[in-house]
Amino acid sequence: MRISVIGCGYLGAVHAAAMTKLGHDVVGVDVDAAKVAALSAGRAPFYEPGLTELLTETLASGQLRFTTDIAEIKGARVHFVCVGTPQKRGEFAADLTYVDAAFAGALPHLSDGDVLVGKSTVPVGTAERLAVNLQGSGATLAWNPEFLREGLAVQDTLHPNRLVYGVPSGVPGARAKVVLNEVFAAPLAEGVPLVVTDYATAELVKVAANSFLATKISFINAMAELCEATGADVTGLAEAIGYDERIGRKFLNAGLGFGGGCLPKDIRAFMARAGELGVDQALSFLREVDSINMRRRVRMVDLAREVCNGSIVGRRIAVLGAAFKPDSDDVRDSPALSVAAQMQLQGAHVVVTDPQAIENARLKWPDLTFAKTAEEAATGADVVLLATEWAEYRELDPIRLAAVVREKRILDGRNVLDPEAWRVAGWTYRALGRR
Ligand code: UGA
């Protein structure tokens with residue numbers, strides 16, 4: 001099937017390459033000429049494990065190309081809209097400028113029978129509004145939310161854990177479903193569950209899922225606050241409650257909390273939309289979820305102050321990790337970077353390292369000092385903070401690191417180190433929610 005993908009960021013670039021891998025003929029469109037040039041040359045414009053290999057393979061097949069010219073979507077039967085919906089400046093609501101521009105740009109090039117598929121995360125009600133603009137074009141709108149995780153994007157796109165189609169009622173909806181089933185024939189053949197529903201439900205599925213995940217993380221972080229007040233241990237607590245299948249152990253890792261380009265802005269946009277719909281009370285708990293999450297960052301700076309006997313002014317602090325999570329170079333709303341910047345603003349000399357995200361971090365916080373390796377960052381440090389749980393930081397040797405620091409103080413911002421091993425090596429070990 002001929003497919004176009006409009007918007008080639010974290011979502012669209014992976015989607016375009018994955019659709020080619022599934023056997024389709026794909027054109028990816030983006031307004032950013034540098035991004036299009038990089039993708040056309042087989043270079044991923046961001047770090048995502050497996051993407052370079054997938055791009056190389058699919059470009060070589062001759063069935064994938066990238067362009068800045070939206071007119072080249074003509075001839076494709078299915079058009080995926082994958083542009084971003086960031087948080088508006090100074091507001092909780094989502095900024096739909098890029099979605100509206102993508103739809104306006106695509107409209108003149110649609111043909112009778114085409115299916116335009118929204119994948120961007122949008123406030124509920126957006127699809128219905130956009131569908132009105134398609135009337136008379138002969139094309140049908142479907143909404144197909146995306147659940148991929150950064151760092152696992154290739155695998156999640158090729159083998160999603162579920163597919164959701166929001167389609168209109170009647171014949172157009174039935175036709176859109178048939179076309180989408182053809183697009184996703186391979187994952188469907190693997191037995192991936194499919195939910196076919198209306199636009200509003202499809203839009204809500206996405207934000208409801210991210211809200212649930214954010215709530216689960218803030219729940220365990222709230223328990224961490226209780227643990228700190230009582231001398232209990234949040235990792236033991238998470239393990240023990242996680243054995244209950246109804247609760248489950250996943251997404252119960254206490255620490256610096258959630259960040260990234262999705263969870264934080266999605267829960268805020270959801271609250272804003274609920275307000276517009278007159279049901280803000282239904283989501284007032286998300287405000288608390290957000291507050292608990294942001295408190296973790298403040299608490300971590302306090303903890304650094306605590307281990308430095310009351311002041312971080314002039315102290316050298318090594319921050320291991322800048323990305324919002326491991327296996328990504330994404331620093332959008334990164335808890336690691338936010339804590340690093342706060343400590344720097346409060347007078348510490350902060351040295352940040354990350355296996356992939358230094359360039360992005362430097363663009364955002366040029367005043368921070370950056371080091372290539374954990375050892376380099378930790379050299380002469382008064383405190384070492386593990387802020388993003390990259391595998392290489394989880395496996396750090398406390399004895400080797402002890403040789404380069406000034407003071408053996410380790411803050412485990414993600415609760416991934418073995419406290420005993422570090423204490424035995426002479427370190428003061430502190431973490432959020434642990435004795
Ligand atoms: C999230 C969702 O997991 C995806 O399903 C969704 O498609 C995506 O948002 C999106 O809306 O596009 P992602 O932002 O890649 O994916 O990252 P997650 O793995 O969800 O992690 C989010 C944040 O929560 C990270 O900062 C991570 O460190 C933190 N986290 C995660 C915790 O603090 N504790 C945990 O137990 C799990």
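Both counts, for ligands and for their atoms, begin at 1 and track the order of listing. Since this is a predicted model, take the numbers as computed values, not measurements.
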Give a yes or no on whether [X] atom [atom1] has more than 12 heavy-atom contacts from other residues, nucleotides or ligands under 6.0 Å away.
{"X": "Lys21", "atom1": "NZ", "result": "no"}
{"X": "Trp427", "atom1": "CH2", "result": "yes"}
{"X": "Lys216", "atom1": "NZ", "result": "yes"}

Distance to 0.1 Å, residue and atom name: give those for the protein heavy atom nearest to [atom].
{"atom": "atom 9 (O) of ligand 1", "value": "Cys262 CB, 3.4 Å"}
{"atom": "atom 26 (O) of ligand 1", "value": "Phe324 O, 2.9 Å"}
{"atom": "atom 24 (O) of ligand 1", "value": "Phe258 CB, 3.2 Å"}
{"atom": "atom 20 (O) of ligand 1", "value": "Phe251 CZ, 3.3 Å"}
{"atom": "atom 8 (C) of ligand 1", "value": "Leu148 O, 3.4 Å"}
{"atom": "atom 5 (O) of ligand 1", "value": "Phe147 O, 2.9 Å"}
{"atom": "atom 34 (N) of ligand 1", "value": "Asn253 O, 3.0 Å"}
{"atom": "atom 30 (N) of ligand 1", "value": "Ile217 CD1, 3.4 Å"}

Is the closest heavy-atom distance from [X] to ligand 1 below 4.0 Å?
{"X": "Gly255", "answer": "no"}
{"X": "Arg414", "answer": "yes"}
{"X": "Asn210", "answer": "yes"}
{"X": "Lys216", "answer": "no"}

Mode of [X] contact toward ligand 1 - side chain, backbone, both, neither (heavy atoms, under 4.0 Å):
{"X": "Asp266", "answer": "side chain"}
{"X": "Leu263", "answer": "side chain"}
{"X": "Lys250", "answer": "neither"}
{"X": "Leu213", "answer": "side chain"}

Under 4.0 Å to a heavy atom of [X] - the qualifying atoms of ligand 1, by number:
{"X": "Leu252", "value": "36 (O)"}
{"X": "Glu146", "value": "7 (O)"}
{"X": "Lys325", "value": "13 (P), 15 (O), 17 (O), 18 (P), 19 (O)"}
{"X": "Glu150", "value": "15 (O)"}

Heavy-atom donor-acceptor pair, Ser218 side chain to Val289 backbone, under 3.5 Å:
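Between the backbone of Val289 and the side chain of Ser218 there is a qualifying donor-acceptor contact (under 3.5 Å).
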
Is any side-chain heavy atom of Leu237 closer than 4.5 Å to a side-chain heavy atom of Leu226?
no

Has Arg249 got its NZ or CZ under 6.0 Å from the middle of the six-membered ring of Tyr243, at an angle within 45 degrees of the ring axis?
no

Is Glu203 salt-bridged to Arg273, going by a charged N under 4.0 Å from an acidic O?
no

Is a salt bridge present between Glu225 and Arg299, judged by a nitrogen-to-oxygen distance below 4.0 Å?
no

Exercise: identify the closest heavy-atom pair between Leu64 and Ala17:
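What the structure gives for the nearest pair is CD2-CA, 4.1 Å.
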
Relative to each other, are the rings of Phe80 and His15 parallel, tilted or perpendicular (30° and 60° limits)?
perpendicular

When Tyr429 is tested against each of Glu420, Arg434, Arg435, Arg409 for side chain to side chain donor-acceptor pair (under 3.5 Å), which residue passes?
Arg434

Pick from Arg162, Lys206, Lys119: which one makes a side chain to side chain contact (heavy atoms under 4.5 Å, CB included) with Pro145?
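In the set Arg162, Lys206, Lys119, the residue that makes a side chain to side chain contact (heavy atoms under 4.5 Å, CB included) with Pro145 is Lys206.
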
